[in-house]
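In what follows, a single structure is set out as C-alpha cells and then discussed.
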Amino acid sequence: MRRRSALIGLVAAVLCSPALAACGGGDDADLVIYNAQHEELISVVAKKFEEKTGLKVELRNSDDLGLANQLVAEGKASPADVFLTENSPAMSLVQSKGLLTKLDQKTLDNIPAQYRPSDGTWTGFAARSTVLVYNTDQVKPADLPTSLMDLAEPEWKGKVAFSPTGADFQAIVSAVLHLEGEARTKQWLAGLKANGEVYDGNNVVLQSVNEGDVETGIIYHYYWYRDQEESGENSDHSRLHFFGHQDPGAFVSVSGAGVLKGSDHQADAQRFVNYLTSKEGQQVIADSYALEYTLNPQVDLGRGVKGLADLDPPEVDVSDLNGPEVVKLMEGAGFL
C-alpha cells in the first residue's frame, strides 16, 4: 500500500506539472480523462456531456506517448477512467499492456469496424488524412509525386518540409512501417533526412509552404482547411494533394478512446465513450473548430472538406501501428 500511495503521489505531482495543462476538477470529479487529443475540442465535448448527464469531468491533457507511458507506469493504480489519443499508436501501446476493458457493444456499433481493433478494447472517434500541401506558385499539379515514398528521391531535395517531433508525423511513419516494412521505412527516412526541411509543428510547415520558403510539406488535412475557414492568411498560396490509391501517403490516422480496466467508475466511463461516438457527440465534433473527420456514419463533416469516403486510404489495422518501434527508427534516422 505504501508503494501504491507513493506512486499515486508521484503521478499526481507529474500530472499537475506545468507541462500537463488543465489539471482541474479536483476531488469532486466523477470522471478523470487522460486526454492527448486537442484540448480545445475535447473540452467542448466534455462540457456537452456534463450538461447532458450531470456528471463532472476532469481533463488531464498532454501528448500521446507521454500519457500512454504514464498509464503503463501507473498500471492499475492510475486515477484515469478514460484515455483519449490524438493518434492510434499510443492507444495500441496501452492496449498491448492489457490495461483497457472491452467497450459496450452499443458503443462499438457506432463506429465502422475498420476504425477500431477487433478485440473491442477501444474505438476510433475522429480521423485525419495525410496530405501534401504545396505552393501553387512553385509546383504544378502535374509535377506532384504519385506516392509519399517518392519524396525520398533525389529530385525532391530541399523541396519538402515536415515536423518529425510531433505525434502526427510519427503516426504517418508507423503506417509506412506497417505497409512497407522496416528496411524500406529506414530507406525512406534516410531519404527524407537528406531531402527535407525540418520544422517544429504542422502549422509552421503550412505557413512556410504558403510563404514559399519550401515547395511542399507533409501535414494532416485539417491544418489547411482550418486556416481557409479562419482567414486563409497562411494557406491562400497553397493547395492540398491527396495521394489516394491506397498509397502510404493516403493514410488516415484515427483518434482513439478507451476505458481503463482499473477504473472505479466503469459505467460512467463507458457512458462517456458511448456519447463521444454517438450521433450527438459526433455532431459536436463536426460543428467544432477541429475539421477532423467524424467516424459515425450518421454524421458527415461537410463544410467543403474532401469526403472521408473519397480518400481511398491503404488498409491498416489500427491496433497494429507500433509507436515504440517508430521512435527507434526515427532516433536511428536522427530525427529524435
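- Distance CG/Leu59 to CG/Leu84: 8.0 Å, rounded to 0.5 Å.
- Contact record, Gln95 with Ser319: OE1-CB, 3.5 Å, taken as the closest heavy-atom pair.
- Take Asp312 and apply the side-chain contact (heavy atoms from CB on, under 4.5 Å) test, not counting sequence neighbours, and it matches His245, Gln246.
- Salt-bridge annotation for Glu58 and Arg60: present, with a side-chain N of the basic residue lying under 4.0 Å from a carboxylate O of the acidic one.
- Thr294 and Asn296 form no side-chain donor-acceptor contact under 3.5 Å, judged by distance and modelled atom types alone.
- The side-chain hydrogen bond (donor to acceptor under 3.5 Å, both in side chains) pairs that include a residue from residues 173-186 are Glu180-Arg184, Glu182-Lys186, where partners are two or more places apart or lie in different chains.
- Val214 has its side chain out of reach of Val160: every pair of non-hydrogen atoms, C-beta onward, lies at least 4.5 Å apart.
- A salt bridge does not link Lys48 with Glu280: every distance from a Lys NZ or Arg NE/NH1/NH2 to an Asp or Glu carboxylate oxygen is 4.0 Å or more.
- Counting heavy atoms from C-beta outward, Ser253 and Asp168 have side chains that stay 4.5 Å or more apart.
- Asp213 and Tyr199 share no donor-acceptor pair across their side chains, judged by distance under 3.5 Å alone.
- Under the 30°/60° scheme for interplanar angles, the aromatic rings of Phe162 and Phe335 are found to stand perpendicular.
- Under the 3.5 Å distance criterion, the side-chain polar atoms of Gln270 are matched with a main-chain donor or acceptor of Lys102.
- Using a 4.5 Å heavy-atom cutoff, the side chains of Val45 and Tyr275 are in contact.
- No hydrogens or angles considered: nothing links the side chains of Asn274 and Asp104 as a donor-acceptor pair under 3.5 Å.
- Looking only at atom types and distance, the side chain of Glu74 has a donor-acceptor partner in the side chain of Tyr34 under 3.5 Å away.
- Under the side-chain hydrogen bond (donor to acceptor under 3.5 Å, both in side chains) criterion, the residue pairs touching residues 299-309 are Glu229-Arg303, with sequence neighbours excluded.
- Arg116 is linked by a salt bridge (charged side-chain N to carboxylate O under 4.0 Å, His left out) to nothing, counting only residues two or more places apart in sequence or in another chain.
- Across all non-hydrogen atoms, the minimal contact from Met330 to Phe169 is CE-CD2, 3.8 Å.
- Between Gln207 and Asn203, the side chains place no donor N or O within less than 3.5 Å of an acceptor N or O (distance only, hydrogens not considered).
- Neither side chain, Asn35 nor Glu39, offers a donor N or O lying under 3.5 Å from an acceptor on the other.
- Atom OH of Tyr223 and atom OG of Ser235 lie 14.0 Å apart (nearest 0.5 Å).
- Minimum heavy-atom separation, Trp122 to Ser92: CZ2-OG, 4.2 Å.
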Exercise. Passes side chain to side chain contact (heavy atoms under 4.5 Å, CB included), Ile285 versus Leu276? Steps please.
Worked result: CA-CA 9 Å; Ile285 294 174; Leu276 184 67; 4.3 Å; yes
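- Tyr293 has its side chain within reach of Val305: a pair of non-hydrogen atoms, C-beta onward, lies under 4.5 Å apart.
- A tilted orientation is assigned to the rings of Tyr289 and His38, their planes being inclined by 30° to 60°.
- Tyr222 and Val299 fall into different hydrophobic clusters, defined by Ile, Leu, Val, Met, Phe, Trp and Tyr side-chain heavy atoms under 4.5 Å apart, directly or through other members.
- The six-membered or imidazole ring of His221 lies away from that of Phe242, with a centre-to-centre distance of 6.0 Å or more.
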Can I get a per-line list of side-chain donor-acceptor pairs under 3.5 Å for residues 137-148, giving both atom names and the distance, sequence neighbours left out?
residue : atom : partner : partner atom : Å
Gln138  : NE2  : Gly212  : O            : 3.1
Thr146  : OG1  : Asp150  : OD2          : 3.2
Ser147  : OG   : Met149  : N            : 3.0
Ser147  : OG   : Asp247  : OD1          : 2.6

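- Annotation: side chain of Asp30 is in contact with side chain of Lys56 (closest heavy-atom distance under 4.5 Å).
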For this session: Show your working on side chain to side chain contact (heavy atoms under 4.5 Å, CB included) between Leu151 and Ile218 and close with a plain yes or no.
Result: CA-CA 10 Å; Leu151 296 171; Ile218 303 168; 3.9 Å; yes
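- When the shell of 6.0 Å around CD of Glu315 is examined, it contains 12 or fewer heavy atoms from other residues, nucleotides or ligands.
- Side-chain contact between Ser43 and Glu40 is absent, with no heavy atoms from C-beta onward closer than 4.5 Å.
- Here the side chains of Thr216 and Val209 are not in contact, with every heavy-atom distance at 4.5 Å or above.
- With Lys159 contributing its side chain and Asn195 its backbone, the two residues share no donor-acceptor pair below 3.5 Å.
- Minimum heavy-atom separation, Asp227 to Leu206: CB-CD2, 4.2 Å.
- Remark: the Gln282 side chain and the Asn110 side chain contain no N/O donor-acceptor pair separated by less than 3.5 Å.
- In this model, no donor atom of one side chain and acceptor atom of the other lie less than 3.5 Å apart for Gln114 and Asp317.
- Between the CD atom in Glu215 and the OG atom in Ser238 there is a gap of 13.5 Å [rounded to 0.5 Å].
- Looking at Arg239, its side chain never comes within 3.5 Å of a backbone N or O of Tyr134 through a donor-acceptor pair.
- Here Pro297 pairs with Pro112 under the side-chain contact (heavy atoms from CB on, under 4.5 Å) rule; sequence neighbours left out.
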Exercise. Should Tyr220 and Ile172 be marked as a side chain to side chain contact (heavy atoms under 4.5 Å, CB included) after you check the CA-CA gap, both sets of side-chain angles, and the distance that decides it?
Worked result: CA-CA 10 Å; Tyr220 282 151; Ile172 295 170; 3.9 Å; yes
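- Taking the side chain as every heavy atom from C-beta outward, Phe49 and Leu31 approach each other to under 4.5 Å.
- A pairwise comparison of heavy atoms in Val205 and Gly217 identifies CG1-CA, 3.7 Å as the closest pair.
- Of all the heavy atoms in Ala36 and Asp64, the pair that sits closest is CB-OD1, 3.1 Å.
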Exercise. Side chain to side chain contact (heavy atoms under 4.5 Å, CB included) between Gln228 and Asp236: does it pass, once the steps are laid out?
Worked result: CA-CA 7 Å; Gln228 284 288 292; Asp236 273 350; 2.9 Å; yes
